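Written out below as structure tokens is the structure these notes cover.
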Protein chains: 2
Amino acid sequence: MPLGRRRPERADAARNREQLLAAARAMTAELGADKVTMDGLAERAHLGKGTVYRRFGTRAGIFHALLDDDEHAFQEQVLTGPPPLGPGAGPVERLIAYGRARTEFLAAHYVIARAALDRTRPVPAGEGTGFTRAHIRMLLGQAGLAATDLDSLTVQLTGALEAPLLILLSPPGQAPDPTPLADSWQTLIERICRD
Amino acid sequence: MPLGRRRPERADAARNREQLLAAARAMTAELGADKVTMDGLAERAHLGKGTVYRRFGTRAGIFHALLDDDEHAFQEQVLTGPPPLGPGAGPVERLIAYGRARTEFLAAHYVIARAALDRTRPVPAGEGTGFTRAHIRMLLGQAGLAATDLDSLTVQLTGALEAPLLILLSPPGQAPDPTPLADSWQTLIERICRD
DNA sequence: AATACAACCGGGGTAAAGTCCGTTTTAGCT
DNA sequence: AGCTAAAACGGACTTTACCCCGGTTGTATT
């Protein structure tokens with residue numbers, strides 16, 4: 001079955017990836033995210049360190065991979081799910097729904113989402129925020145705000161939505177209550193978009 | 001001159017701190033912030049690594065210290081300078097002025113401000129944002145927004161103001177143009193605060 | 001089935017952050 | 001001036017992310 005262009009994943013590689021993800025999940029649950037080391041993960045999965053690195057590229061990549069399934073499902077809901085989160089509602093309504101959903105998503109995945117931030121690499125700073133940024137930009141465009149620099153506004157709203165949970169609210173142990181932030185996001189958007 | 005409660009800084013400590021700051025500034029200028037290592041800095045300043053750590057505590061602390069003078073001057077302008085940045089103007093006007101000044105400050109100190117973010121410690125995530133947060137909170141309170149959760153709104157606006165320059169806009173080499181962000185901040189605030 | 005080649009595996013190696021603790025220097029006090 | 005406690009010093013040590021490369025295994029082709 002040589003379909004597509006990319007060679008399918010090798011059987012041993014797939015097996016190892018499962019082992020690594022399972023081990024990572026278990027270690028995160030047992031010891032906390034910051035106790036998950038490359039060496040420890042490799043040993044626990046009965047694999048070499050080099051294998052871990054090839055799979056995930058970087059320490060943050062582990063948590064990125066752990067997040068991946070849920071993140072996919074989340075984006076799916078936004079792109080093709082029922083309104084108001086999915087298409088079919090007005091842009092302002094969708095912006096509000098997106099902020100609420102994203103806030104709850106980040107709070108629900110608090111530990112892993114924070115660990116998925118790459119804290120050592122210089123370049124890929126705003127990694128997971130690409131989708132949020134693109135989506136906000138699109139909806140702002142549809143909302144038809146008069147004479148505004150939508151690109152800058154998009155960046156700022158992305159910061160307003162993601163920074164509190166990812167950066168600003170410190171306690172790394174437990175997630176903050178997302179409800180006040182989600183409500184506040186709603187008033188923020190309503191006030192910005194009314195004319 | 002044993003005034004106050006704290007013992008004054010010892011002469012050798014003061015001398016060494018000057019050496020370290022000078023070396024850090026030079027290395028940052030010559031090699032870039034990410035090439036400044038604790039070992040390299042210690043060697044360049046002809047001091048031991050332990051000394052570097054006692055002074056700055058952490059790698060980010062180096063850049064925090066480098067920023068300190070300017071940061072102080074900035075806060076001074078906000079607290080006691082002329083309006084609209086300083087006291088004397090209306091809260092909305094001051095919010096706008098603060099955002100503009102802060103954006104320009106962050107852009108002017110782009111490399112160092114980003115390097116001052118501690119990317120490894122779990123706790124002190126939003127370190128430099130404390131002043132911004134407190135100031136925004138105060139002005140929002142004065143602005144008298146009707147029935148709003150001002151604490152959550154403050155956190156989000158802090159994210160909107162600082163995250164773009166510190167996190168979201170990636171290229172670590174050069175600062176982005178602060179003007180569009182400052183303008184966008186103004187419309188953001190104006191739209192939020194009108195009633 | 002045999003072969004070639006690409007992908008994968010493993011573990012030892014490097015660099016840099018952060019810690020520790022015995023030694024040295026300083027400043028106030030007598 | 002001499003004493004002493006506190007502060008500063010320095011460099012060896014530990015930990016951990018990330019790199020490298022020779023050997024091995026899986027997959028496509030003949």
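Since the model is a prediction, treat every value here as computed from it, not as a measurement. Protein chains get the first letters and strands the later ones, always in sequence-line order, with residue 1 at the start of each.
Taking every heavy atom of both residues into account, Phe56(A) and Ala65(A) meet most closely at CE2-CB, 3.6 Å.
Taking five base pairs at each end of the helix from dA1(C)-dT30(D) to dT30(C)-dA1(D), the local helix axes there meet at an angle of 10°, rounded to 10°.
Spacing between atom CZ of Arg59(A) and atom C1' of dA17(C) amounts to 14 Å, rounded to whole angstrom units. Distance CD (Glu43(A)) to P (dT15(D)): 14 Å, rounded to an integer number of Å. Remark: P of dA15(C) and CG of Leu41(B) are 19 Å apart, rounded to the nearest angstrom. Atoms CE (Met38(B)) and C1' (dG10(D)) sit 14 Å apart, rounded to a whole Å. One interatomic measurement links the two molecules: CZ of Phe56(A) to C1' of dA17(D), which rounds to 15 Å at whole-angstrom precision.
Contact of the Pro176(B) side chain with the Tyr110(B) side chain is registered, since non-hydrogen atoms from C-beta on lie closer than 4.5 Å. Contact of the Ile112(B) side chain with the Asp70(B) side chain is not registered, since no non-hydrogen atoms from C-beta on lie closer than 4.5 Å. In this structure, Thr148(B) and Leu140(B) have side chains that are not in contact, with every pair of non-hydrogen atoms separated by 4.5 Å or more.
For the pair Thr58(A) and dA17(D), the criterion of a side-chain N or O lying under 4.0 Å from OP1 or OP2 is not met. Checking the phosphate oxygens (OP1, OP2) of dC8(C), no side-chain nitrogen or oxygen of Arg54(A) falls inside 4.0 Å.
Note on Ala42(A): nothing from the nucleic acid sits closer than 4.0 angstrom, heavy atoms only.
Residues forming a side-chain contact (heavy atoms from CB on, under 4.5 Å) with Tyr53(B) (at least two apart in sequence, or on another chain): Met38(B), Lys49(B). Evaluation of the side-chain contact (heavy atoms from CB on, under 4.5 Å) rule for Arg15(A) yields Asp12(A), Gln19(A) as partners, not counting sequence neighbours. Shown here are the side-chain contact (heavy atoms from CB on, under 4.5 Å) partners of Gln75(B), two or more places apart in sequence or in another chain: Glu71(B), Phe131(B). Scored by the side-chain contact (heavy atoms from CB on, under 4.5 Å) test, Asp177(B) finds Thr179(B), Pro180(B) as partners (sequence neighbours excluded).
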Practice task
Check the pair Thr129(B) / Leu161(B) against side chain to side chain contact (heavy atoms under 4.5 Å, CB included), numbers first and verdict last.
Solution key: CA-CA 10 Å; Thr129(B) 66; Leu161(B) 181 55; over 6 Å; no

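Listed by first and then second residue, the side-chain hydrogen bond (donor to acceptor under 3.5 Å, both in side chains) pairs involving residues 76-85 of chain B amount to none (not counting sequence neighbours). Residue pairs satisfying the salt bridge (charged side-chain N to carboxylate O under 4.0 Å, His left out) criterion with at least one member in residues 140-168 of chain B, sequence neighbours excluded, are listed as follows: Arg102(B)-Glu162(B), Arg137(B)-Asp151(B).
Among the nucleotides dC18(D), dT27(D), dC8(C), the one closest to any side-chain atom of Arg55(A) is dC8(C).
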If you restrict it to nitrogen or oxygen atoms, what contacts under 3.5 Å exist between nucleotides 23-25 of chain C and the protein, and what is each distance?
| unit_1 | atom_1 | unit_2 | atom_2 | d |
| --- | --- | --- | --- | --- |
| dT25(C) | O2 | Arg10(B) | NH1 | 3.4 |
| dT25(C) | O2 | Arg10(B) | NH2 | 3.1 |

Do any N or O atoms of the protein come closer than 3.5 Å to N or O atoms of nucleotides 11-14 of chain D, and which pairs are they?
| unit_1 | atom_1 | unit_2 | atom_2 | d |
| --- | --- | --- | --- | --- |
| dG11(D) | O6 | Gly50(B) | N | 3.3 |

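Sorted by residue number, the members of residues 13-30 of chain A with any non-hydrogen atom under 4.0 Å from DNA chain C read Ala13(A), Asn16(A).
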For residues 83-99 of chain A, tabulate all N or O donor-acceptor pairs below 3.5 Å that involve a side-chain atom, not counting sequence neighbours.
| unit_1 | atom_1 | unit_2 | atom_2 | d |
| --- | --- | --- | --- | --- |
| Arg94(A) | NE | Leu85(A) | O | 3.3 |
| Arg94(A) | NE | Gly86(A) | O | 2.9 |
| Arg94(A) | NH2 | Val78(A) | O | 3.0 |
| Arg94(A) | NH2 | Leu85(A) | O | 3.2 |
| Tyr98(A) | OH | Thr132(A) | OG1 | 2.7 |

Please list, one pair per line, the donor and acceptor atoms closer than 3.5 Å that link side chains of residues 20-30 of chain B to other protein atoms, with sequence neighbours excluded.
| unit_1 | atom_1 | unit_2 | atom_2 | d |
| --- | --- | --- | --- | --- |
| Thr28(B) | OG1 | Ala24(B) | O | 2.7 |
| Glu30(B) | OE1 | Arg44(B) | NH1 | 3.4 |
| Glu30(B) | OE2 | Arg44(B) | NH2 | 3.0 |

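The local environment of CD in Glu43(B) is sparse, with at most 12 non-hydrogen atoms from other residues, nucleotides or ligands closer than 6.0 Å.
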